[in-house]
Amino acid sequence: MSGIYIHIPFCKKACHYCDFHFSTNTRYIDRMINAICKEIELKKNYLPDNTLINTIYFGGGTPSLLSDVQLNTILLTIMQHFNLSADTEVTLEANPDDLNLDKLIKLKNTGINRLSIGIQSFDNEVLQWMNRSHTAEQSVNSVKTAQQVGFDNISIDLIYSIPAKDINYWTKTLDTAIQLNVSHISAYCLTIEENTTFYHDLKKGKITPVPDELAAEQFIKLHEMLSNAHYIHYEVSNFGRENYFSKHNTSYWKDIPYLGIGPSAHSYNKHNRSVNIAHNLQYLKQIENNENFTKTEILNPIAKHNDYILTRLRTIWGLNKNDIAYNFGLEKLTRIENIINSKYKEYFESTKDKFVLNLQGMLFTDKITLDLML
């Protein structure tokens with residue numbers, strides 16, 4: 001099984017926290033659709049031979065800006081060049097303000113069977129501060145309307161650790177999310193990245209970062225409330241009901257190959273990792289002129305080892321001792337065991353076969369990851 005990721009690099013406006021590749025200039029959408037379809041054909045042999053595609057993911061950017069006709073064009077091109085499994089998960093990232101009844105019916109008819117809705121907050125003041133294009137009311141209505149149309153696989157995105165917002169704000173946010181009864185919730189701690197509006201505001205003293213203690217309190221509250229609501233905390237930032245984990249993201253974490261299409265998209269086939277140029281016009285010109293638009297890195301044993309630590313440590317599947325010994329050698333396994341036992345033992349719920357972070361350990365995922373990498 002493998003996955004295909006389609007990067008749609010357009011947005012109505014720039015969210016103040018976002019450092020993903022996108023443009024608010026949407027006049028090139030039709031050219032981009034054509035280029036994306038051409039890239040799909042060009043890279044039809046990138047994935048292992050005879051692989052089945054079991055997940056297609058439209059990310060961005062804001063893929064919900066596309067019409068059903070444009071989405072269908074891309075999906076039909078994929079089906080012409082790849083074999084899809086009978087239960088392929090087809091996800092569309094969407095903004096709440098794009099999801100009215102007519103749009104949702106059309107999306108359902110294209111074959112989209114999973115929605116990832118970027119809600120982020122149910123507080124209009126916070127949404128305005130983030131420069132989001134929707135309201136809290138639109139967030140709730142988009143989910144309820146999607147459920148009425150027949151979407152039973154819906155994920156919503158939330159952001160915590162918001163400056164000037166306390167634990168009561170976060171508890172109220174989670175209460176609202178739980179009441180919507182969606183199948184999946186992704187919740188991310190606000191990180192202020194370079195080249196974003198929030199980064200410039202931070203430099204000017206307009207933003208006071210949330211103390212680590214408060215961020216940790218909100219993370220623990222997140223785990224407690226969603227676990228009590230029967231969500232499984234299967235990755236540091238992701239919670240799913242039984243049988244509703246994200247197939248696409250799980251593929252990343254389980255070392256399953258994937259093909260990335262569109263500007264800035266990444267691909268991985270176990271032998272190499274490649275990334276497309278992150279510039280819309282250059283991508284269009286180079287693909288239209290049959291010029292190279294991708295950089296490729298052949299993965300050496302150290303890179304593969306570090307990728308394994310980086311992805312698996314974040315999940316409930318943890319670091320598998322047998323996999324480490326088989327793929328990287330007993331010496332590497334012994335090194336990892338020694339580091340964990342000497343520095344981080346209280347942060348793991350280890351078994352005979354695995355090292356799995358406990359809740360406290362998840363708070364230090366980045367630090368532990370760096371220590372375990374070569």
Visitor: According to a hydrophobic-cluster definition based on side-chain heavy atoms being under 4.5 Å apart (Ile, Leu, Val, Met, Phe, Trp, Tyr only), do Y5 and F10 belong together?
Guide: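 No, it is not one cluster - the side chains of Y5 and F10 are not joined through contacts under 4.5 Å.
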Visitor: A side-chain contact here means heavy atoms from C-beta on lying under 4.5 Å apart; do P48 and P257 qualify?
Guide: yes
Visitor: Going through the distances and angles, do Y252 and Y258 end up as a ring-ring contact (aromatic ring centres under 6.0 Å, His included)?
Guide: CA-CA 8 Å; Y252 292 156; Y258 56 89; 4.5 Å; yes
Visitor: Okay, side chain of H266, backbone of S264: is any donor-acceptor separation there less than 3.5 Å?
Guide: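 Side chain of H266 to backbone of S264: a pair is present.
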Visitor: Determine the minimum heavy-atom distance between R132 and G118, stating which atoms define it.
Guide: NH2-O, 2.5 Å
Visitor: Indicate the atoms forming the closest heavy-atom contact of F348 with Y344, along with that distance.
Guide: CD1-O, 3.3 Å
Visitor: Can a donor-acceptor pair be found, under 3.5 Å and without considering hydrogens, that links the side chain of R114 to the backbone of V90?
Guide: no
Visitor: According to ring pair (Phe, Tyr, Trp, His ring centres under 6.0 Å), does anything in residues 113-161 pair up with another residue at least two apart or in another chain? List the pairs.
Guide: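 Matches after skipping sequence neighbours: W129-F198, Y160-W170.
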Visitor: Are any side-chain N or O atoms of N124 and backbone N or O atoms of T135, one a donor and one an acceptor, separated by less than 3.5 Å?
Guide: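 Not at all, since once roles are kept as given, no pair shorter than 3.5 Å links the two residues.
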Visitor: Given 3.5 Å as the limit, does a donor-acceptor pair link the side chain of D123 with the main chain of E125, or not?
Guide: yes
Visitor: If a pair satisfies ring pair (Phe, Tyr, Trp, His ring centres under 6.0 Å) and one of its residues is in residues 202-241, list it, with sequence neighbours excluded.
Guide: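 Applying ring pair (Phe, Tyr, Trp, His ring centres under 6.0 Å) to every pair that reaches into residues 202-241, excluding sequence neighbours, yields H184-Y234, F219-H233, H223-H233, H233-F239, Y234-F245, Y234-W253.
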Visitor: Can you sort out the partners of E217 under salt bridge (charged side-chain N to carboxylate O under 4.0 Å, His left out), two or more places apart, ordered by chain and number?
Guide: none
Visitor: Checking side chain to side chain donor-acceptor pair (under 3.5 Å) between E39 and each of N34, N276, T77, which is the one that passes?
Guide: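 Testing E39 for a side chain to side chain donor-acceptor pair (under 3.5 Å) against N34, N276, T77 leaves exactly one candidate, N276.
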Visitor: For F82, does the six-membered ring have the charged nitrogen or CZ of K44 within the cation-pi criterion, i.e. under 6.0 angstrom from the centroid and within 45° of the normal?
Guide: no
Visitor: For a 4.5 angstrom cut-off between non-hydrogen side-chain atoms, does Y17 reach E193?
Guide: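 With C-beta onward as the side chain, the pair stays apart.
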Visitor: State the CD1-OG1 distance between I154 and T91, to the nearest 0.5 angstrom.
Guide: 11.5 Å
Visitor: Which one of K254, R273, K270 satisfies the salt bridge (charged side-chain N to carboxylate O under 4.0 Å, His left out) criterion with D307?
Guide: R273
Visitor: Look at atom NZ of K43 and say whether more than 12 heavy atoms of other residues, nucleotides or ligands are closer to it than 6.0 Å.
Guide: yes
Visitor: Are more than 12 heavy atoms, taken from residues, nucleotides or ligands other than K203, located less than 6.0 Å from that residue's NZ atom?
Guide: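 Count not over threshold, so no.
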Visitor: With sequence neighbours left out, write down each residue that passes side chain to side chain donor-acceptor pair (under 3.5 Å) with K38, or none if nothing qualifies.
Guide: N290
Visitor: What is the distance from atom CG of L174 to atom CD of Q218, rounded to the nearest 0.5 Å?
Guide: 9.0 Å
Visitor: Using salt bridge (charged side-chain N to carboxylate O under 4.0 Å, His left out), reason through D98 and K12 one step at a time and then give a plain yes or no.
Guide: CA-CA 10 Å; D98 292 328; K12 292 178 184 175; 2.9 Å; yes
Visitor: When you measure from the side chain of S267 to the backbone of G260, do you find a donor-acceptor pair of N or O atoms at a distance under 3.5 Å?
Guide: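 Yes, the answer is positive, given that a donor and an acceptor are paired below the 3.5 Å cut-off.
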Visitor: Judged by atom type as modelled, is there a donor-acceptor pair below 3.5 Å linking the side chain of N269 to the main-chain atoms of N272?
Guide: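 Indeed, once roles are kept as given, a pair shorter than 3.5 Å links the two residues.
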Visitor: If hydrophobic clusters are built by linking Ile, Leu, Val, Met, Phe, Trp and Tyr wherever their side-chain heavy atoms come under 4.5 Å apart, do L71 and I261 end up in the same one?
Guide: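 L71 and I261: one cluster.
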Visitor: For the side chain of S246 and the backbone of N249, is there at least one donor-acceptor N/O pair under 3.5 Å apart?
Guide: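 Yes, the answer is positive, given that a donor and an acceptor are paired below the 3.5 Å cut-off.
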Visitor: For E93 and Y57, what are the C-alpha separation, side-chain angles and deciding distance, and is it a side-chain hydrogen bond (donor to acceptor under 3.5 Å, both in side chains)?
Guide: CA-CA 8 Å; E93 287 185 353; Y57 193 103; 2.8 Å; yes
Visitor: Under a 3.5 Å distance rule, please check whether N72 uses its side chain to pair with a backbone N or O of G111 as donor and acceptor.
Guide: no
Visitor: Going by atom types alone, do T173 and T176 pair a side-chain donor with an acceptor below 3.5 Å?
Guide: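 Absent: no donor and acceptor within the cut-off.
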Visitor: Does F293 reach the side chain of L284, with side-chain heavy atoms less than 4.5 Å apart?
Guide: no
Visitor: Do E337 and L333 touch side chain to side chain, with heavy atoms closer than 4.5 Å?
Guide: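 A side-chain contact exists here, since the closest heavy-atom pair is under 4.5 Å.
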Visitor: Does a side chain donor of either N238 or R314 reach within less than 3.5 Å of an acceptor in the other side chain?
Guide: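 No, because no side-chain N or O of N238 sits under 3.5 Å from a partner of the opposite role on R314.
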Visitor: Nearest 0.5 Å, please: how far is CD1 in I78 from OG1 in T73?
Guide: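 Answer rounded to 0.5 Å: 11.0 Å.
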Visitor: Would you indicate whether E224, at its atom CD, is surrounded by more than 12 heavy atoms from other residues, nucleotides or ligands within a distance under 6.0 Å?
Guide: yes
Visitor: Not counting sequence neighbours, list each pair that qualifies as a salt bridge (Lys or Arg N to Asp or Glu O under 4.0 Å) and has a residue in residues 341-362.
Guide: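 Listed by first then second residue: K343-D371.
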Visitor: Got I33 and L66 here, is their nearest side-chain heavy-atom distance under 4.5 Å?
Guide: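 Of all side-chain heavy-atom pairs linking L66 with I33, at least one is under 4.5 Å.
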Visitor: CD1 of I156 to CG of L115: how many Å apart, nearest 0.5 Å?
Guide: 12.0 Å
Visitor: Honestly curious: do M225 and V143 fall in one hydrophobic cluster under the side-chain, below-4.5 Å linking rule?
Guide: yes
Visitor: With a 4.5 Å limit on heavy-atom distance, are the side chains of H16 and T196 in contact?
Guide: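 Side-chain contact under 4.5 Å: no.
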Visitor: Tell me the closest heavy-atom pair linking P263 and H7, and the distance in Å.
Guide: O-CD2, 3.1 Å
Visitor: Closest heavy-atom contact between N153 and E89?
Guide: ND2-OE1, 4.1 Å
Visitor: May I have all residue pairs that pass side chain to side chain donor-acceptor pair (under 3.5 Å) and include part of residues 323-335, sequence neighbours excluded?
Guide: none
Visitor: Kindly indicate whether the side chain of Q120, heavy atoms from C-beta on, has any atom under 4.5 Å from the side chain of I162.
Guide: no
Visitor: Decide yes or no on side-chain hydrogen bond (donor to acceptor under 3.5 Å, both in side chains) for D97 and S133, but give the supporting numbers first.
Guide: CA-CA 7 Å; D97 46 305; S133 58; 3.1 Å; yes
Visitor: Answer yes or no: is there a donor N or O on one side and an acceptor on the other, between the side chain of Q286 and the main chain of N292, under 3.5 Å?
Guide: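 Side chain of Q286 to backbone of N292, a donor-acceptor pair under 3.5 Å: yes, one is there.
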Visitor: Between CG of L107 and OG of S67, what distance do you get to the nearest 0.5 Å?
Guide: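 L107 CG to S67 OG: 9.5 Å, rounded to 0.5 Å.
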Visitor: Which heavy-atom pair separates L127 from A136 by the least distance, and what is that distance?
Guide: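 Closest approach of L127 to A136: CD1-N, 3.5 Å.
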Visitor: Are any side-chain N or O atoms of D175 and backbone N or O atoms of I178, one a donor and one an acceptor, separated by less than 3.5 Å?
Guide: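 Side chain of D175 to backbone of I178: no pair is present.
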Visitor: So how far is it from S274 OG to I298 CD1, rounded to the nearest 0.5 Å?
Guide: 9.5 Å
Visitor: Apply side-chain contact (heavy atoms from CB on, under 4.5 Å) to L99 and L104, showing your working.
Guide: CA-CA 6 Å; L99 299 180; L104 284 161; 3.9 Å; yes
Visitor: Looking at side-chain heavy atoms only, is the closest gap between L190 and P163 below 4.5 Å?
Guide: yes
Visitor: Is it the case that one hydrophobic cluster holds both Y199 and F22, taking links as side-chain heavy atoms less than 4.5 Å apart, direct or via other members?
Guide: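 In one cluster with Y199: F22, no.
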Visitor: Has I302 got more than 12 heavy atoms of other residues, nucleotides or ligands less than 6.0 Å from its CD1?
Guide: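 Check fails, neighbour count at 12 or below.
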Visitor: Grab the two heavy atoms, one from S139 and one from S121, that are nearest each other, plus how far apart they are.
Guide: OG-O, 4.3 Å
Visitor: V236, V210: one ILVMFWY side-chain cluster at the under-4.5 Å cut-off?
Guide: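 No: no chain of side-chain contacts under 4.5 Å links V236 to V210.
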